[in-house]
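Here is the structure we will look at.
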There are 2 protein chains.
Amino acid sequence: MAHKPRSEMIAETRAKLLASGRQAFGTVGYAEASMDDFTAAAGLTRGALYHHFGDKKGLLEAVIAEIDGEMSERLRQVSAMAGNPWQGFVDECTAYIEMALEPEIQRIVLLDGPATLGDPWQWPSQNACIRSMTDSLQKLIDAKLVVEVDPEAIARLISGASLHAALWIANADDPPSASKKAVKAFNVLLEGLLKDRSRH
Amino acid sequence: MAHKPRSEMIAETRAKLLASGRQAFGTVGYAEASMDDFTAAAGLTRGALYHHFGDKKGLLEAVIAEIDGEMSERLRQVSAMAGNPWQGFVDECTAYIEMALEPEIQRIVLLDGPATLGDPWQWPSQNACIRSMTDSLQKLIDAKLVVEVDPEAIARLISGASLHAALWIANADDPPSASKKAVKAFNVLLEGLLKDRSRH
DNA sequence: TCTAATCACATACGCCACGTATGTAAGTGG
DNA sequence: CCACTTACATACGTGGCGTATGTGATTAGA
C-alpha cells in the first residue's frame with residue numbers, strides 16, 4: 001500500500017478545496033459561504049485553505065480562473081465550428097449569453113467576482129474568454145468585414161450586454177420568450193458592426 | 001426654543017442614516033461598511049438603523065432607490081434637452097456611461113447592488129433609469145426611426161454594455177482615451193438600431 | 001392635567017465567521 | 001540519521017451582525 005507521491009497528494013488537496021469552494025460559491029454565494037463549512041465538506045479545515053490560497057478572496061480568484069478557462073475553451077470550440085468568420089463571431093456571442101445563464105457562472109463570475117475583486121479585466125486570469133472575443137473581432141476587422149473600431153472596446157460592450165441579458169432572462173417570468181427577444185435584439189446591435197449591412 | 005415636531009425629527013434621523021450609509025457604501029463598499037461605524041458617524045447607533053430599515057440590506061435598498069431616482073431624473077433632463085428624438089436617445093446612453101463612471105454609482109448600484117440584492121429589475125425601485133431608456137426607445141420605434149425590436153431587451157443590453165464600458169474606462173491606464181474608444185464603439189453598435197443608416 | 005400607552009431609539013447579549021498564531025506529524029535533503 | 005521544511009490542524013482573539021430588552025420622550029384620552 002505504497003502511498004502516492006507527495007506532490008500528488010498536495011495537488012489533490014488543492015483540487016478538493018477548489019471544487020468544494022466552487023460548489024459553495026456557486027450555490028449560496030461568496031458572502032454566505034462559510035469557510036468552516038465547505039472546507040469540512042472537503043474533509044479538511046480552514047488551515048489547508050489559508051495555506052494554499054492565502055485567504056477567502058484568494059480561493060475566489062482561483063475558482064474564477066478555473067471557470068474562466070473553461071469558458072474560454074468552450075468559446076474557442078464554438079467559433080471554430082462556424083462556417084465563416086462573421087458567423088463564428090455571432091455564435092461566440094450567443095454562446096456567451098447562454099453561458100451567462102448558468103447559475104454558477106452568473107453567481108461567481110458575473111456577480112460576486114466583480115463585487116469582491118473589482119474590475120474583471122484587472123484580474124490575473126485576464127478574463128481569457130473576452131480575450132478570445134477580442135481576437136475574433138480583430139480578425140474580422142482585418143478582413144474588412146467589420147468597421148474599424150477598437151476591438152477591445154467592442155468586446156467589452158458585448159460581454160456587458162450579454163451579462164445583463166442573461167440576468168434578465170434568468171429572472172424573467174418566461175425565460176424562453178425573453179431569451180428569444182434578447183438574441184433578436186442582440187443581432188440587431190451586432191449588425192451595426194458590419195460594413196455591408198445588406199448581406200444581412 | 002420650542003422643539004421641532006416629532007415627525008420632522010424622525011425624517012431627519014432617517015435622512016441622516018441614509019446619507020451616512022450611502023457615504024460608507026460608496027467608499028468602502030457594502031461588505032466592508034461597518035454598521036456600528038457609520039451609524040456612529042451619524043451620531044446614532046445600530047438601534048436606529050434596525051428600527052427604520054430592518055437590516056443592513058434594507059438600508060442598501062433604500063440607498064439604491066435614492067440614487068436610482070437621481071439617475072432617472074438626470075437622464076430625463078438630458079433627453080429633454082436634445083434636438084431630436086434619436087439624438088436624445090444617444091445622449092441618454094452617453095449620459096448613462098458617464099454616470100456609471102462615478103465611483104459611488106459604480107460601487108453601490110452596479111457592483112454591490114446586484115451581488116447583494118440580485119437582479120436589478122426585480123428591485124422594488126424598478127430601476128427607473130432603465131425604464132426611462134425603454135420609454136425613449138418605444139417612442140423611436142413608434143416614430144419608425146428604429147427597427148422593430150423589443151425595447152426592454154435593447155434597454156437591457158445597452159445598460160449592460162454601458163456598465164462594463166464604465167468599469168473598463170474607470171480602471172484603464174488612460175481613462176480619457178478609453179472613454180473615447182468606448183463612446184465610438186458604442187455609437188457603432190447603436191447605429192445597428194437605425195432603420196436608415198445612411199443619415200449617420 | 002394626569003395617566004397610560006406608544007414610539008423612537010439606545011443598550012446588552014450571543015453567535016458566528018474570519019484571520020492569525022501556534023502546534024505537529026510527515027516528508028526531504030545532506 | 002538528523003536537522004529542516006512542508007502541509008496541514010488546532011486554538012484563540014476580534015469584530016460584525018441580529019435580536020431581545022430597556023428607557024425616556026411624545027401623544028392620546030378622560
Side-chain angles (χ1 to χ4, degrees), chain A residues 1-63 107-108 112-113 115-117, chain B residues 1-63 107-108 112-113 115-117:
Chain A
M1 54 183 270
H3 281 186
K4 292 176 183 176
R6 182 173 174 77
S7 60
E8 195 171 318
M9 296 294 291
I10 295 172
E12 215 167 274
T13 297
R14 212 189 116 94
K16 271 194 269 185
L17 289 170
L18 206 59
S20 194
R22 177 171 173 169
Q23 157 74 17
F25 292 161
T27 48
V28 300
Y30 174 79
E32 300 303 315
S34 158
M35 297 170 68
D36 278 318
D37 289 351
F38 68 75
T39 52
L44 296 160
T45 69
R46 282 181 311 146
L49 193 150
Y50 280 101
H51 181 74
H52 282 283
F53 300 100
D55 60 355
K56 198 182 181 185
K57 281 170 73 168
L59 176 62
L60 179 60
E61 285 176 24
V63 168
R107 181 77 254 180
I108 300 179
D112 288 334
T116 308
L117 305 174
Chain B
M1 56 182 268
H3 280 185
K4 292 176 184 176
R6 174 169 244 253
S7 61
E8 197 170 317
M9 297 292 292
I10 295 172
E12 216 168 273
T13 296
R14 212 190 118 94
K16 270 194 271 186
L17 288 171
L18 205 60
S20 194
R22 177 171 173 169
Q23 157 74 18
F25 292 161
T27 49
V28 300
Y30 175 78
E32 300 302 316
S34 158
M35 297 170 68
D36 277 320
D37 288 352
F38 68 75
T39 51
L44 296 158
T45 70
R46 279 182 313 147
L49 193 150
Y50 280 100
H51 181 72
H52 282 284
F53 300 99
D55 61 355
K56 200 182 181 185
K57 282 171 74 170
L59 177 62
L60 178 61
E61 285 176 23
V63 168
R107 182 77 252 180
I108 300 179
D112 289 332
T116 309
L117 305 175

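Throughout, a chain's letter reflects where its sequence line sits, starting with A, and its residues are numbered from 1.
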What is the distance from CE of B:M9 to C1' of D:dT27, rounded to the nearest Å?
16 Å
Contacts under 3.5 angstrom, residues 31-42 of chain A side chains, donor-acceptor by atom type, not counting sequence neighbours:
| residue | atom | partner | partner atom | Å |
| --- | --- | --- | --- | --- |
| A:S34 | OG | A:D36 | N | 3.4 |
| A:S34 | OG | A:D37 | N | 3.3 |
| A:D36 | OD1 | A:R46 | NE | 3.1 |
| A:T39 | OG1 | A:M35 | O | 2.5 |
| A:T39 | OG1 | A:D36 | O | 3.2 |

Closest to side chain of A:I10, choosing from D:dC8, C:dC9, D:dG18:
D:dC8
N/O (side chain, A:H51) to phosphate O (OP1/OP2, D:dC8) under 4.0 Å
no
N/O donor-acceptor pair under 3.5 Å between B:T27 side chain and B:Q23 backbone
yes
Which pairs, with at least one residue in residues 47-59 of chain B and sequence neighbours excluded, count as a side-chain hydrogen bond (donor to acceptor under 3.5 Å, both in side chains)?
none
Rounded to the nearest angstrom, tell me the gap between atom CG in B:L60 and atom P in D:dG18.
12 Å
Measure across B:V63 and B:G21 and return the closest heavy-atom pair with its distance rounded to 0.1 Å.
CG2-C, 4.5 Å
All heavy atoms of B:R14 vs all of B:A62, minimum pair found to be NH2-CB, 4.4 Å
About how many Å separate CG of A:L44 and CG of A:L49, when rounded to the nearest 0.5 Å?
9.0 Å
Over how many whole Å does the gap from B:D36 atom CG to D:dT19 atom C1' extend?
14 Å
Separation of B:F53 atom CZ from D:dC17 atom P, in whole Å?
15 Å
Can you name the atoms? Protein N/O to nucleotides 10-14 of chain C N/O, anything below 3.5 Å, with the distance.
| residue | atom | partner | partner atom | Å |
| --- | --- | --- | --- | --- |
| C:dA10 | OP2 | B:T45 | N | 3.0 |
| C:dA10 | OP2 | B:T45 | OG1 | 2.6 |
| C:dA10 | O5' | B:T45 | OG1 | 3.4 |

Atom-pair distance (CG on A:D37; P on C:dC16), nearest Å:
10 Å
From CG (B:L117) to OH (B:Y30), nearest 0.5 Å
7.0 Å
Interface residues of residues 13-35 of chain B with DNA chain C (non-hydrogen, below 4.0 angstrom):
B:T13
Rounded to whole Å, please give me the gap between OH in B:Y50 and P in D:dC17.
6 Å
Distance test, side-chain N/O of A:H52 to OP1/OP2 of D:dC8, below 4.0 Å:
yes
Any heavy-atom pair between the side chains of B:F53 and B:L18 that's under 4.5 Å?
yes
Between D:dC17, C:dC18, D:dC8, which one does the side chain of A:K56 approach most closely?
C:dC18
Which pairs pass salt bridge (Lys or Arg N to Asp or Glu O under 4.0 Å) with one or both residues in residues 22-31 of chain B, sequence neighbours excluded?
B:R22-B:E66, B:R22-B:E70, B:R22-B:E104
